[in-house]
Amino acid sequence: MKVGILALQGDVREHAEALTELGADVVRVRVPDDLAGVDALVLPGGESTTMSLLLQSSGLFEPLAERLTDGMPAFGTCAGMILLATEVLDGRPDQRSFGVIDLAVRRNAFGRQVDSFEASLDVAGVSGGPVPAVFIRAPFVERAGPDVEVLATVDDHPVLCRQGPVLTAAFHPELSGDLRLHSLFLGGL
Ligand code: GLN
């Protein structure tokens with residue numbers, strides 16, 4: 001199983017380590033040709049406005065949008081979740097997203113703007129106790145559409161969501177050393 005990681009910006013290495021540890025064949029995706037042969041894609045945390053610009057300047061936006069719309073499984077964390085959402089609030093006016101999970105997300109709106117925090121999440125379908133979650137200037141899910149499954153919440157707000165082959169986390173599972181959410185993603189492939 002070849003799993004791509006969108007590697008234009010953000011915490012690519014941590015995702016690569018987690019996926020490699022779970023036995024995936026990891027490919028860093030920077031240009032359209034890198035998408036060939038990739039079965040699934042992780043979109044990391046970082047800065048969604050910068051990634052949006054780089055997706056367009058690298059020529060990756062359109063071919064990736066096509067793959068995602070065709071149903072390629074994707075796991076977006078934090079900025080990666082913003083990139084996969086249908087609606088981005090408080091984005092840059094020229095910011096683009098792929099719209100493959102029916103979420104309205106507000107950038108930098110979870111907790112105070114400058115805040116980072118950690119939480120323990122009970123995740124539907126994941127055994128072995130609560131999953132640690134690191135939130136860094138996290139996006140807030142303002143609306144989750146009827147086809148979205150909410151797998152975990154913080155104070156009743158969705159933070160881990162799934163719609164078909166698309167999984168999104170408002171936090172950074174790659175920073176906690178707990179591999180269960182990467183494993184959940186790979187298990188669905
Ligand atoms: N605030 C960032 C953005 O808007 C996301 C933060 C993160 O990925 N840790 O893209």
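Ligands are counted one by one from 1 in listed order, and the atoms in each one are counted from 1 as well. In what follows, residues are counted from 1 in the order of the sequence shown.
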Exercise for the section: State yes or no: do Ile82 and Ile136 share one hydrophobic cluster built from I, L, V, M, F, W and Y residues joined by side-chain heavy-atom distances below 4.5 Å, directly or via other members? Expected result: no

Exercise for the section: Indicate, with yes or no, if the rings of Phe171 and Phe110 have centres closer together than 6.0 Å. Expected result: no

Which pairs of N or O atoms, one from ligand 1 and one from the protein, are separated by less than 3.5 Å, and what is the distance for each pair?
from: ligand 1; atom 1: 1 (N); to: Asn108; atom 2: OD1; distance (Å): 2.4
from: ligand 1; atom 1: 1 (N); to: Arg137; atom 2: O; distance (Å): 3.3
from: ligand 1; atom 1: 4 (O); to: Ser48; atom 2: OG; distance (Å): 3.3
from: ligand 1; atom 1: 4 (O); to: Arg107; atom 2: NE; distance (Å): 2.6
from: ligand 1; atom 1: 4 (O); to: Arg107; atom 2: NH2; distance (Å): 3.1
from: ligand 1; atom 1: 8 (O); to: Gly46; atom 2: N; distance (Å): 2.9
from: ligand 1; atom 1: 8 (O); to: Gly46; atom 2: O; distance (Å): 3.0
from: ligand 1; atom 1: 8 (O); to: Ala79; atom 2: N; distance (Å): 3.1
from: ligand 1; atom 1: 9 (N); to: Ile136; atom 2: O; distance (Å): 3.0
from: ligand 1; atom 1: 9 (N); to: His172; atom 2: NE2; distance (Å): 2.8
from: ligand 1; atom 1: 10 (O); to: Ser48; atom 2: N; distance (Å): 2.5
from: ligand 1; atom 1: 10 (O); to: Ser48; atom 2: OG; distance (Å): 2.8

Problem - Pairs where residues 31-67 contributes a residue and the test ring-ring contact (aromatic ring centres under 6.0 Å, His included) is met, not counting sequence neighbours - result: Phe61-Phe98

Handout entry: ILVMFWY cluster, Val26 and Leu179 together (side-chain gap under 4.5 Å)
Key = yes

Completion exercise
Heavy atoms of Ser48 and Gln95 approach each other most closely as OG-NE2, 2.8 Å

Handout entry: Residue pair Val100 / Met72, side-chain heavy-atom distance below 4.5 Å
Key = no

